[in-house]
Amino acid sequence: MLTANIAVARFFVEKGIPAIYRIHEPPVGDAIKNFQTFLNAFGFNKNLSGGLLQKKITQALEHFKGHPKEHVLHILALRSLSQAKYSPNNVGHFGLGFENYTHFTSPIRRYPDLIVHRLVKALIAPKEGYALIPEEKLQSAGVFLSACEQRSVKAERQVKAIKKARFMSMHLGEEFDGIISSVTKFGIF
């Protein structure tokens, strides 16, 4: 699946046509510094700054494999990264470490996949009625589809929260061990 997605993205780049890519920009600001602070507090003293950041994050997480802090560090690592999105501006996929990446095939058929399929068909079978899509329309589609994806994720989280609350309502008054992964103004996670 990943190989197909990379190959199609490279195909678009080689052809020099506007396309929609699945991009994941590198972390910005103090996100990695904050993550480094947690790693240091947990006893990991290798520095994340400099090149090969993806590999350094992976090594840090592997260092804590099987450790009670592993789950919390995975959450903190994800929070330090930007959100992946759809865009005609191919800046690569930081999280996967790919220079060119799109959603062409996956176990879940997404609308961006269908856009990519239409672009491929426009290139390999132009007489079949498929046309290239102007970059402005791809930009709008990328913004819209990324927003739809976020709404879907939010809805999924809300359903899971409801299911958890219903399940836990049967266990009121009982005590459980847990791990606090975040503290906010309104409570804890």
Side-chain angles (χ1 to χ4, degrees), residues 1-35 48 51-58 61 74-126 128-163 181-182 184-186 189:
M1 180 181 79
L2 293 175
T3 303
N5 292 342
I6 293 166
V8 172
R10 284 182 182 162
F11 179 66
F12 291 148
V13 169
E14 289 167 6
K15 294 294 182 185
I17 64 139
I20 194 163
Y21 298 91
R22 181 67 170 175
I23 64 166
H24 185 231
E25 297 171 287
V28 293
D30 293 333
I32 292 299
K33 287 180 186 174
N34 292 339
F35 183 55
L48 296 179
L52 304 174
L53 182 57
Q54 298 101 325
K55 288 185 181 183
K56 290 179 180 180
I57 291 172
T58 300
L61 294 174
H74 276 272
I75 292 170
L76 294 171
L78 287 174
R79 287 184 185 166
S80 71
L81 301 176
S82 61
Q83 191 72 38
K85 59 187 175 184
Y86 296 103
S87 174
N89 182 20
N90 183 19
V91 297
H93 197 293
F94 174 81
L96 295 174
F98 299 141
E99 188 177 334
N100 301 298
Y101 193 70
T102 191
H103 277 165
F104 172 73
T105 186
S106 67
I108 310 164
R109 184 58 61 219
R110 303 178 186 99
Y111 193 76
D113 299 36
L114 300 177
I115 292 173
V116 169
H117 287 217
R118 289 179 186 133
L119 291 170
V120 169
K121 288 177 182 177
L123 288 170
I124 64 174
E128 298 295 320
Y130 294 97
L132 296 177
I133 302 170
E135 189 167 349
E136 305 80 45
K137 285 191 177 187
L138 290 169
Q139 182 66 39
S140 296
V143 170
F144 177 74
L145 294 168
S146 295
C148 288
E149 179 183 33
Q150 289 308 305
R151 281 195 304 273
S152 174
V153 168
K154 185 177 178 182
E156 181 181 348
R157 284 185 187 139
Q158 288 174 335
V159 168
K160 285 181 179 179
I162 290 167
K163 295 289 187 184
S181 62
S182 181
T184 66
K185 290 180 182 178
F186 61 83
F189 289 94

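Nothing fancy with the numbering, it's 1 onward along the sequence. None of the values given here were measured: they were computed from a predicted structure.
Note: Thr102 OG1 to Ile23 CD1 = 11.0 Å, rounded to the nearest 0.5 Å. Taken from CZ in Arg110 to CD in Glu149, the straight-line distance is 7.0 Å, to the nearest 0.5 Å. Here CZ of Arg22 is found 10.0 Å from CG of Leu145. Values are rounded to the nearest 0.5 Å.
The two atoms that bring Ile20 and Pro112 nearest to each other are CG2-O, 4.3 Å, heavy atoms only. The two residues Lys85 and Ser146 make their nearest non-hydrogen contact at CB-OG, 3.3 Å. In terms of heavy atoms, Ser80 sits closest to Pro27 at O-CB, 3.5 Å.
Other residues, nucleotides and ligands contribute only 12 or fewer heavy atoms inside 6.0 Å of the CD atom of Glu99.
Thr105 places a side-chain heavy atom less than 4.5 Å from the side chain of Asn5. Under the 4.5 Å side-chain criterion, counting only non-hydrogen atoms from C-beta, His24 is in contact with Leu81.
One N or O on the side chain of Ser82 and one on the backbone of Glu25 form a donor-acceptor pair closer than 3.5 Å. A donor-acceptor distance shorter than 3.5 angstrom exists from the side chain of Gln54 to the backbone of Phe94, with no hydrogens or angles considered.
His103 and Tyr86 have perpendicular rings, their planes meeting at more than 60° on a 0 to 90° scale where under 30° would count as parallel.
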What donor-acceptor contacts under 3.5 angstrom involve side-chain atoms of residues 116-125, with partners at least two apart or in another chain?
{"residue": "His117", "atom": "NE2", "partner": "Phe104", "partner atom": "O", "Å": "2.7"}
{"residue": "Arg118", "atom": "NH1", "partner": "Tyr111", "partner atom": "OH", "Å": "3.1"}

Quiz: residues 130-144 side-chain donor-acceptor pairs under 3.5 angstrom, not counting sequence neighbours:
{"residue": "Ser140", "atom": "OG", "partner": "Glu136", "partner atom": "O", "Å": "3.3"}

Tabulate below the donor-acceptor pairs under 3.5 Å that side-chain atoms of residues 6-14 make, not counting sequence neighbours, or state none.
none

Margin query: Leu2 vs Tyr101, test: side chain to side chain contact (heavy atoms under 4.5 Å, CB included). Steps then yes/no.
Written below: CA-CA 8 Å; Leu2 293 175; Tyr101 193 70; 3.2 Å; yes

